[in-house]
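A short worksheet on the structure shown next.
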Amino acid sequence: MSALGLLIPIALFLGGLGLAAFLWSLRSGQFDDLDGAAERILIDDDEEDTPPDDSPPPGNDDH
């Protein structure tokens, strides 16, 4: 029975600590943009590396 006297306050402290961390993350904006990271993976980064339309594609040597 004496173990419960020690474990219950520890459990309440850890639960309060987790709740405080969750509330801090809400206030600091951790959950503001939930879809941004999921949509960023779909953006094609190769568009920046494409040559302009007036230049021939690389590797097209007619020798």
Side-chain angles (χ1 to χ4, degrees):
M1 196 66 167
S2 65
L4 287 179
L6 181 65
L7 292 177
I8 289 175
I10 290 174
L12 290 175
F13 173 73
L14 290 176
L17 191 64
L19 180 63
F22 175 69
L23 292 175
W24 170 80
S25 67
L26 279 178
R27 282 193 219 117
S28 67
Q30 294 292 318
F31 302 108
D32 285 347
D33 186 18
L34 295 177
D35 294 327
E39 291 174 0
R40 261 191 305 262
I41 194 69
L42 300 175
I43 297 173
D44 192 14
D45 290 338
D46 293 337
E47 292 175 1
E48 298 171 0
D49 297 336
T50 57
D53 291 332
D54 58 349
S55 66
N60 192 4
D61 295 332
D62 293 331
H63 296 283

Problem - Within 6.0 Å of CD1 in Ile41, more than 12 heavy atoms from elsewhere - result: no
Fill in the blank from the handout: Rounded to the nearest 0.5 angstrom, the CG-CG distance for Leu7 and Leu12 is 11.0 Å
Problem - Same apolar cluster (I L V M F W Y, side chains within < 4.5 Å links), Phe31/Leu23 - result: yes
Problem - In one Ile/Leu/Val/Met/Phe/Trp/Tyr side-chain cluster, 4.5 Å: Leu14, Phe22 - result: no
